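Okay, so here's the structure we're looking at.
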Amino acid sequence: MPDQRQTVPSAPLERVPPHNLDAEEGLIASCIIGSLDILGMCEEAKLTYEAFYKPAHQILYQVLRDFNKQNQPIDEIILTDALNSRRVSSLDWKRIDPAHDRSLLEEVGGYEAIHRITSRIETTVHAPYWLDIVREKWFLRKLIATTTNIVRRCYDQQDSMDEFIDKVEKQVLEISQDRVSDSATPLSKAVDVATMQIQKLMRGEVEQGVMTGYTDLDKMTYGLHGTEMIVLAARPSMGKTSFAMNIAEHAALPKRGSPVGVLVFSLEMGADQLAMRLLCRRARVNMKRVRDRMLTTEELKALSQAGSELKQSHLWIDDSSHINILELRAKARRIQQKHSNLGLIVVDYLQLIAGTDNRVPREQQIAEISRGMKGLAKELNVPVIVLSQLNRASEKEQRQPRLSDLRESGSIEQDADVVFLLAKDRDSSDNASVPSGIRKIELIIAKQRNGPVGGVPLTFIPDYTSFENYTEAPNES
């Protein structure tokens, strides 16, 4: 139902109040196409149905808000059905004449009107621009109504001048307060939280995040923390997917501690391929032996046991090959709504995510996707591991990779809270103690907002596509 708010009175002027019907239609269409993401953005901007000038747009937006409050996805068909099941008499604002009690669908012009609105746009990339226009016109209408009322009261002013000015200031301030979001936190509150964290640290009560299972790495990061965007980057065939899935497996099935739900978006590999990797790693079975059908009875038992364990985990794999950032965020949100224990998201990999508008340069698309990933981590309060490609500069210059080697956009480096870079260990070729096939890999912590940077040695066993804690003499068993 619409908000129980008093509608701003119309100003007694001959001129038509400020409005932009094109921007209103663009924003409504974005809310339908982008669903909860765009509606969430409107809610953050404190947009109510009154922000729309056209009554039909007010109805459409209010029904969309009702779906958003219930965290229900929406499309043209669902919206049409909802409008058809409700009557004009259910509305309580004055601009809709209840004399002819008909369905809300008829009031907005039928399905054809909804289809016409959604057909006007192909992408929601301009939604923030339309939102700004709609809000601006709404505030101008409120200012006109408020100042007109003030002029009337000036002719019939009965209070003392101080009281009158005070009331006028309050009216204007109310409009200003609606225009600005309440995102500032008092320093006193922030200091209290920081003091509590210091006291916990002094007592040894370290707030650990999702542990990766790699001892040296966890010592430097205290785990992966909520709201963090963690970028894992490397050149092709360095094991990005394997390392990310090793972390996902440990989070979902830890040897110590409580498991968390893990959501993996795999845009490159299918779910069955990832499942094969997880099975072979957990069972310690060579993947080549599986393909060659040369498994022993013991190996078959180990695979069966690994399968039983993995089935008990809360690990979901979405292997959609074509997905944009809005669809990805919507899917993650739904998983969290269904499963409250979601504690980690892995995206493999960033450069394969489609932009919402293919007409803009790829660098701008990557910047939008990167900001969306950081926004997802903050919204769901979970760490998000985003895999990314590195350019060829480190190979051409024969050096270890660095932050500036991230491909296509500097915004990835800017948005990330933590950046891991996988690289070949420079001394591994001279290390005769390393068995054939097993490689020493260096994980470079190139950026960490709340901790140290540096290198962490790891051992990679290609037979199991497994990264292990580094030891001088790795043990295959």
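The shown structure was predicted, so the numbers you read here are calculated from the model rather than taken from an experiment.
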Quick one about [Y] and [X] (side-chain donor to acceptor, distance below 3.5 Å, no hydrogens or angles considered), yes or no?
X      : Y      : result
Glu76  : Tyr111 : yes
Glu268 : Thr241 : no
Asp348 : Ser266 : no
Glu368 : Ser370 : no
Gln58  : Gln62  : no
Lys331 : Ser320 : yes
Arg277 : Thr465 : no

Once rounded to the nearest 0.5 Å, what's the spacing between atom [atom1] of [X] and atom [atom2] of [Y]?
X      : Y      : atom1 : atom2 : value
Glu24  : Leu60  : CD    : CG    : 10.5 Å
Phe67  : Asp75  : CZ    : CG    : 9.0 Å
Arg235 : Leu421 : CZ    : CG    : 12.5 Å
Ile366 : Ile353 : CD1   : CD1   : 8.0 Å
Leu380 : Thr227 : CG    : OG1   : 11.0 Å
Arg282 : Glu309 : CZ    : CD    : 4.5 Å

- prompt: Going by an N to O cut-off under 4.0 Å, is there a salt bridge joining Arg329 and Glu379?
  reply: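 Yes, charged N to carboxylate O under 4.0 Å.
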task: Answer yes when Lys374 and Asp417 have at least one side-chain N-carboxylate O distance shorter than 4.0 Å, and no when they do not.
output: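 Yes, this pair counts.
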- prompt: Quick check, are the ring centers of Phe467 and Phe243 under 6.0 angstrom apart?
  reply: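 Judged by ring-centre distance (under 6.0 Å), Phe467 and Phe243 do meet the cut-off.
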- request: Tell me whether the guanidinium CZ or amine NZ of Lys440 lies under 6.0 angstrom from the six-membered ring centre of Phe460 and within 45° of its axis.
  value: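 No - Lys440 does not lie over the ring of Phe460 by the 6.0 Å and 45° rule.
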field: Reference residue Phe52; test ring-ring contact (aromatic ring centres under 6.0 Å, His included); the match among Trp138, Trp130, Tyr61
entry: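 The ring-ring contact (aromatic ring centres under 6.0 Å, His included) with Phe52 is passed solely by Tyr61 among Trp138, Trp130, Tyr61.
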- request: Step by step, work out the salt bridge (Lys or Arg N to Asp or Glu O under 4.0 Å) result for Arg439 and Glu468.
  value: CA-CA 10 Å; Arg439 302 200 306 261; Glu468 311 284 345; over 6 Å; no
